[in-house]
Amino acid sequence: MSLHPQYARPRSAAQAVELLRGLGSGAVVIAGGQELMPHINYGRLMPSVLVDISALPDLMGIQDVDGVLSIGALTVLRELKKNSLVKTSLPLLSRAASLVGGGWQVHNRGTLGGNIVAMHPLYDIIPPLLVLDAEVEILSAGEVRRAPLAAVISETSLGLGQRALITRIFLRATPPDFGWAYEKLKITEGAYGSANAAAVVAMHGGKVRAARLVIGAVSEQPIDGGAAVESLLGRPFDDHIAQEFEAACAALVTQPMNDQQGNSRWRRAMAGVIARRAISVAVSRASAQQI
Ligand SMILES: Cc1cc2nc3c(=O)[nH]c(=O)nc-3n(C[C@H](O)[C@H](O)[C@H](O)COP(=O)(O)OP(=O)(O)OC[C@H]3O[C@@H](n4cnc5c(N)ncnc54)[C@H](O)[C@@H]3O)c2cc1C
């Protein structure tokens, strides 16, 4: 532990993980610094070495390879919002990035990889990535592995940012007949979200054919809405079903958060409201594709 961290700037991802291995505990990866620097400035974290990965070419760029987008972990939020490939193939992710708070600095410097590794329950990017079945490439000394994001966020021993790097995120383009939605509720303009929901829906003959939903910012972990979504299949999303669905989604929140963004009772109720809104918007978009 040191009050004055040393600074290292590796030239490749492979060199970065070798460096991390050599430095051992106390060394921390820094990308855009939007998460890390406030922790350091407030004295909550005292790394011995900052390993700056912000110029590593292997972690940059967005490519479409046969309908799968490969997004470098260093892609900043502004790029996720504006990039034409992301807007066309993954509009849900682009929309979620556009609703991230914190202003220009966070959008211009905050990275996709840093947002994932922060795993903050109130943040916006993990719920859409889960709905889109994102896979994450992880590099540690001597090993590259690719794993579903859902598995990565429940695994605590990966050492992301200390021994291992997220290099790229892989996402299959959303099929054109799917509607999508990202909805977010905040108590004031500058606040973090009190509830959010990411959804994709496909319709057939006015009825729900397929759907995915993840609810965020209401409990420590994102909530998979699969159990509630199941009841929608083969049915139209009318007002009656929407009401039932809202109650079913609220019931999924067994351990609601109780913080500055709202008390637990309200958060559970808002989980239902935001989930209904997201599915409703996604149904409208999917229905419009059918015409
Ligand atoms: C004022 C403010 C408001 C914000 N509001 C929102 C919001 O509304 N919604 C939202 O979603 N987010 C919000 N954020 C969070 C912001 O999106 C994240 O802080 C940012 O994306 C983190 O990226 P970074 O590159 O700056 O991470 P850094 O601070 O550089 O790193 C964050 C963590 O990730 C690790 N890390 C970084 N990159 C990698 C990698 N490739 N592989 C392994 N480990 C890595 C670091 O070691 C560190 O532990 C806000 C932040 C601020 C400061």
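The figures here come from the full heavy-atom set of this structure, side chains too, leaving out hydrogens, waters and symmetry mates. In each ligand, atom 1 is the first atom listed, and ligand 1 is the first ligand listed.
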Checklist entry - Closest non-hydrogen protein atom to atom 53 (C) of ligand 1, residue and atom name please, with distance? => result Gln34 O, 3.5 Å
Item to check | Protein contact of atom 45 (C) of ligand 1 - nearest heavy atom, named by residue and atom, plus distance | outcome: Val117 CG2, 3.7 Å
Checklist entry - What do you reckon, is CG of Asp238 surrounded by more than 12 foreign heavy atoms closer than 6.0 Å? => result yes
Next on the checklist: Working to the nearest 0.5 angstrom, can you tell me the gap between Leu56 CG and Gln15 CD?
Outcome noted: 8.5 Å
Item to check | Heavy atoms of other groups near Glu155 CD, more than 12 under 6.0 Å | outcome: yes
Checklist entry - Is the count of non-hydrogen atoms from other residues, nucleotides or ligands lying under 6.0 Å from Tyr42 atom OH greater than 12? => result no
Checklist entry - Going by the atom numbers of ligand 1, which of them fall below 4.0 Å from some non-hydrogen atom of Val28? => result 47 (O)
Item to check | Flag if over 12 foreign heavy atoms under 6.0 Å of NZ, Lys186 | outcome: yes
Item to check | Rounded distance [0.5 Å steps], CD1 in Ile71 versus CG in Asp64 | outcome: 10.0 Å
Item to check | Smallest separation among heavy atoms of Ile153 and Pro222, with atom names | outcome: CD1-CG, 4.2 Å
Next on the checklist: For atom 47 (O) of ligand 1, what is the closest protein heavy atom, and at what distance to 0.1 Å?
Outcome noted: Val29 O, 2.6 Å
Checklist entry - Quick one: does Gly101 get an N or O within less than 3.5 Å of an N or O on ligand 1? => result yes
Checklist entry - Looking at atom 1 (C) of ligand 1, what's its closest protein heavy atom, distance included? => result Gly102 CA, 3.9 Å
Next on the checklist: Only heavy atoms of Ala164, strictly under 4.0 Å: list the atoms of ligand 1 that pass.
Outcome noted: 43 (C)
Checklist entry - Under 4.0 Å from any heavy atom of Lys184, which atoms of ligand 1 are there? => result 8 (O)
Checklist entry - For atom 23 (O) of ligand 1, which protein heavy atom lies nearest, and how many Å away is it? => result Thr111 N, 3.1 Å
Checklist outcome for this item: the protein heavy atom lying closest to atom 51 (C) of ligand 1 turns out to be Val106 CG2, 3.8 Å
Checklist entry - What are the atoms of ligand 1, with element, lying closer than 4.0 Å to any heavy atom of Gly32? => result 24 (P), 25 (O), 26 (O), 30 (O)
Checklist outcome for this item: Logged contact type for Leu112 with ligand 1, heavy-atom cut-off 4.0 Å, is neither
Item to check | Which segment of Leu74 sits under 4.0 Å of ligand 1 when only heavy atoms are counted | outcome: neither
Next on the checklist: Tell me whether Arg285 at atom CZ has more than 12 heavy atoms from other residues, nucleotides or ligands lying less than 6.0 Å away.
Outcome noted: yes
Item to check | Atoms of ligand 1, numbered as shown, that sit under 4.0 Å from any heavy atom of Leu36 | outcome: 29 (O), 48 (C)
Checklist entry - Using 4.0 Å as the upper bound for N to carboxylate O, is an ion pair formed by Arg168 and Glu137? => result no
Checklist entry - Looking at atom 32 (C) of ligand 1, what's its closest protein heavy atom, distance included? => result Glu35 CB, 3.4 Å
Item to check | Leu165 neighbourhood, listing ligand 1 atoms whose heavy-atom distance to it stays under 4.0 Å | outcome: 42 (N), 43 (C)
Next on the checklist: Working note: Asn83 + Thr75, criterion side-chain contact (heavy atoms from CB on, under 4.5 Å); need CA distance, chi angles, decisive distance, verdict.
Outcome noted: CA-CA 10 Å; Asn83 180 277; Thr75 304; over 6 Å; no
Checklist entry - Hey, does Ile166 come in under 3.5 Å of ligand 1, counting only N/O atoms on both sides? => result yes
Item to check | Where Ala217 and Arg267 come nearest, the two heavy atoms and their spacing | outcome: O-NH2, 2.7 Å
Item to check | Sub-3.5 Å N/O-N/O distance, Gly113 and ligand 1 | outcome: no
Next on the checklist: Given Pro256, which partner from the list Asn258, Thr254, Val253 fulfils the side chain to side chain contact (heavy atoms under 4.5 Å, CB included) test?
Outcome noted: Val253
Checklist entry - Among Gly114, Ala73, Ala118, Gly159, which one has a heavy atom closest to atom 22 (C) of ligand 1? => result Gly114
Checklist entry - Which pair of heavy atoms, one from Trp180 and one from Val281, lies closest together, and at what distance? => result O-CG1, 4.2 Å
Item to check | atom 28 (P) of ligand 1: the protein heavy-atom neighbour that sits closest, reported with distance to 0.1 Å | outcome: Gly33 N, 3.5 Å
Next on the checklist: Show me which atoms of ligand 1 lie under 4.0 Å from any heavy atom of Ile53.
Outcome noted: 38 (N), 39 (C), 40 (C), 41 (N)
Item to check | Gly161: numbered ligand 1 atoms lying under 4.0 Å from its heavy atoms | outcome: 43 (C), 44 (N), 47 (O)
